Amino acid sequence: MTRFRPEFTWGVSTSAYQIEGATAEDGRTPSVWDTFCRRDGAIADSSTADVACDHYHRYAEDIALMADLGIDAYRLSTSWSRIIPDDSGKPNAAGLDFYDRLLDSVRDRGITPVVNLFHWDLPQWAQDAGGWRNRDTVERFAEYAAIVADRLADRVGNWAAINELFEHFVLGHVTGEHAPGLTLPLDEAGAVAHHLLLAAGHATEVLRAHGAASIMGINSYAPARPASDAEADVAMARFYDVLQNRLFTDPQLIGRYPEEAEPLVTPFVKDGDLEVISAPLDLWGVNYYSINSVRAVDGEIPLEVVAPQGYPLTAFDWAVAPEGLTETLTTLHTRYGEKLPPLVVSENGCTYHDSLDTEGRCDDPDRVAYLSEHLTAVRAAIDAGVDVRGYYVWSLLDNFEWAQGYTKRFGLVHVDYETQKRTPKTSFNWLRDHIAASR
Ligand code: IFM
């Protein structure tokens with residue numbers, strides 16, 4: 001068993017759109033994902049998240065599972081269009097009431113809520129006004145942050161503004177694989193990147209003004225390896241490394257864009273923006289799943305990310321490479337030095353073809369191995385001098401995995417989407433014992 005200090009934070013992460021369901025209840029209006037799901041061919045199994053895990057109605061059962069798991073903290077996201085259903089900016093009382101009940105229930109179980117304000121579900125009304133290409137969306141986001149903070153700040157242990165800016169930027173606005181499904185040329189998409197960062201910075205100011213106890217940034221990281229020794233592959237791997245691992249992190253932590261990315265974003269930067277973007281944070285969240293292999297290709301997008309050779313793969317064809325987590329944590333530590341806040345692994349997990357056996361059990365030994373190896377990788381980084389304060393599994397429940405619909409299961413708990421029955425997997429019991437033993 002990998003040992004951690006008793007004050008190490010154990011948690012799970014989820015997001016509103018992936019689990020809540022109730023997309024048309026109590027005044028919520030569509031987000032870009034509700035619209036995108038209705039586009040032909042957008043979602044692998046043509047599903048929607050209209051019901052998802054029905055967490056909106058079953059949250060008490062899900063929080064009971066968290067309590068059984070023995071976690072310290074629960075990272076969730078709030079749905080912007082549930083809280084602000086239209087462009088009048090007027091808050092929806094029923095939407096806020098839901099998060100009130102949710103946070104109270106989390107607290108009642110002795111678990112600290114970690115609230116993330118944006119996990120990719122932009123209200124459709126904001127998209128109709130230009131979405132993240134439009135600088136005004138930054139102001140709308142700050143207004144939303146103020147409304148949420150006003151209502152919930154007294155119960156939130158730790159805040160985040162935006163989850164995984166890189167994925168939302170690239171999948172949603174460059175490759176079009178995610179909502180809002182745009183395929184903008186990189187230089188136009190630069191506006192999206194800059195406005196996401198600016199929105200996170202403004203929201204941080206707003207949260208501070210509301211007395212937020214602790215705020216973290218969250219990005220996803222993956223070491224980028226060239227697919228071959230060919231010069232073009234090496235150059236593209238280097239460029240992809242800048243896009244994923246530095247484009248969003250450099251401005252947040254050191255207040256400037258990486259030189260290689262300046263042509264993309266400079267046209268959109270105004271005086272004072274970088275000061276807002278680099279507002280000090282208390283923690284830095286690292287979402288880690290895998291390493292990437294990158295090769296150069298001809299085409300508008302001159303690179304392709306492929307599964308690295310020689311590694312076991314998850315059901316997503318992502319390489320199981322725990323050493324990449326140690327590398328990510330130690331690289332952040334050396335690259336940003338004293339500018340780097342203490343780290344938490346804010347997402348880590350895997351998807352396999354999990355199913356129930358005839359006895360109704362869900363045995364997932366591959367996930368147990370994955371989690372165990374990645375915890376050892378975190379420990380290795382700590383032993384190398386990196387300040388890592390916590391580890392959150394993605395995710396508590398099997399859920400709506402974006403463009404993959406329900407075909408990918410990331411949960412510690414199996415969800416039967418027909419009946420909504422929750423069945424803790426072997427990995428759930430393994431992690432519960434692991435957490436208990438490390439207290
Ligand atoms: O499900 C996603 C989550 O929404 C963001 N990080 C990666 C997870 C797995 O793909």
Side-chain angles (χ1 to χ4, degrees), residues 32 117-118 120 122 126-127 129-142 145 160-205 217-222 224 235-281 284-287 292 294 299-303 305 331-332 335-336 339-340:
V32 289
L117 293 169
F118 182 71
W120 310 347
L122 190 75
Q127 186 62 36
W132 291 112
R133 275 176 296 173
N134 180 357
R135 197 175 160 107
D136 287 350
T137 303
V138 173
E139 293 312 312
R140 301 290 83 75
F141 186 66
I162 300 183
N163 177 70
E164 291 185 6
L165 295 81
F166 170 72
E167 267 68 21
H168 189 53
F169 158 70
V170 90
L171 300 174
H173 301 84
V174 181
T175 67
E177 293 161 86
H178 277 191
L182 302 181
T183 51
L184 303 172
L186 263 190
D187 53 348
E188 268 185 60
V192 172
H194 184 65
H195 296 152
L196 282 169
L197 280 164
L198 198 56
H202 272 301
T204 300
E205 284 176 346
I218 306 178
N219 273 310
S220 69
Y221 297 91
M236 276 306 141
R238 204 172 294 135
F239 181 60
Y240 194 76
D241 178 54
V242 171
L243 283 185
Q244 171 155 21
N245 299 321
R246 291 181 48 212
L247 170 60
F248 294 95
T249 308
D250 280 15
Q252 286 186 284
L253 293 183
I254 55 177
R256 59 172 185 269
Y257 280 108
E259 212 180 301
E260 300 87 329
E262 273 175 3
L264 298 182
V265 285
T266 306
F268 310 102
V269 179
K270 296 197 175 163
D271 278 356
D273 284 0
L274 282 157
E275 283 72 40
V276 174
I277 289 171
S278 56
L281 293 161
W284 193 256
V286 172
N287 293 357
N292 283 326
V294 181
E300 254 171 66
I301 302 175
L303 60 84
V305 177
T331 301
L332 285 165
R335 181 174 289 156
Y336 299 107
K339 298 279 186 187
L340 183 71

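Please read all numbers here as calculations on a predicted model, not as lab measurements.
Summarising the geometry of Thr204 relative to Pro280, their closest heavy-atom pair is CG2-O, 4.2 Å, with the distance given to 0.1 Å. The heavy-atom pair separating Gly131 from Thr137 by the smallest distance is O-OG1, 2.5 Å. Closest heavy-atom contact between Ser278 and Gly255: CB-CA, 3.8 Å. Between Ala203 and Ala145, the shortest heavy-atom contact is CB-CB, 4.1 Å. Scanning all heavy atoms of the two residues, the minimum distance from Asn292 to Ala222 falls at ND2-CB, 3.6 Å. Of all non-hydrogen atoms in Ala161 and Ala200, the two that sit nearest each other are CB-CA, 3.8 Å.
Here CG of Leu165 is found 13.0 Å from NE2 of His195. Values are rounded to the nearest 0.5 Å. One finds the CG atom of Leu196 at 10.0 Å from the CD1 atom of Ile277 (value rounded to the nearest 0.5 Å). The CG atom of Leu243 lies 9.5 Å from the CD atom of Glu260; values are rounded to the nearest 0.5 Å. Atoms OH and CG, from Tyr257 and Leu264 in turn, are 9.5 Å apart once rounded to the nearest 0.5 Å. Taken to the nearest 0.5 Å, the CG atom of Leu332 stands 15.5 Å off from the NZ atom of Lys339. How far NE2 of His168 is from CD1 of Ile162: 8.0 Å, rounded to the nearest 0.5 Å.
At a threshold of 4.5 Å between non-hydrogen side-chain atoms, the residues Leu182 and Arg133 count as touching. Between Leu171 and Phe166 the shortest side-chain heavy-atom distance does not fall below 4.5 Å. Within the 4.5 Å cutoff, the side chain of Thr183 has no heavy atoms near those of the Ile301 side chain. Contact annotation: the side chain of Ile254 never approaches that of Arg246 to less than 4.5 Å [non-hydrogen atoms, C-beta and beyond]. Between Pro251 and Arg256 the shortest side-chain heavy-atom distance does not fall below 4.5 Å. Side-chain atoms of Ile218 and Trp284, non-hydrogen and from C-beta on, never get closer than 4.5 Å to each other. Counting only heavy atoms from C-beta outward, the side chains of Pro185 and Glu300 never approach each other to under 4.5 Å. In this structure the side chain of Leu184 reaches within 4.5 angstrom of the side chain of Val192, judged on heavy atoms.
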Q.
Could you walk me through whether Tyr336 and Asp250 satisfy the side-chain contact (heavy atoms from CB on, under 4.5 Å) test, starting with their C-alpha distance in whole Å, then the side-chain angles of each, then the deciding distance to 0.1 Å, before giving a yes or no?
A. CA-CA 8 Å; Tyr336 299 107; Asp250 280 15; 2.4 Å; yes
Q: Would you please test Phe239 and Val294 for side-chain contact (heavy atoms from CB on, under 4.5 Å) and show each step?
A: CA-CA 10 Å; Phe239 181 60; Val294 181; over 6 Å; no
Q | ring-ring contact (aromatic ring centres under 6.0 Å, His included) evaluation trace for His173 with His178 | A | CA-CA 8 Å; His173 301 84; His178 277 191; over 10 Å; no
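No donor-acceptor contact under 3.5 angstrom links the side chains of Asn219 and Asn245, judged on distance only. Donor-acceptor pairing under 3.5 Å is recorded for the side chains of Gln244 and Ser220. Side-chain atoms of Thr331 and Tyr221 form no donor-acceptor pair, as typed in the model, at a separation below 3.5 Å.
Contact check on Arg135 versus Asp273 returns a salt bridge, with a Lys/Arg side-chain nitrogen under 4.0 Å from an Asp/Glu carboxylate oxygen.
Judged purely by atom type and a 3.5 angstrom limit, Asn134 uses its side chain to pair as donor or acceptor with the backbone of Ala129. His202 places no side-chain N or O within 3.5 Å of a backbone atom of Val138 that could act as its donor or acceptor partner.
Trp132 pairs in a ring-ring contact (aromatic ring centres under 6.0 Å, His included) with only one of the listed residues (Phe118, Phe169, Phe268, Trp120), which is Phe118.
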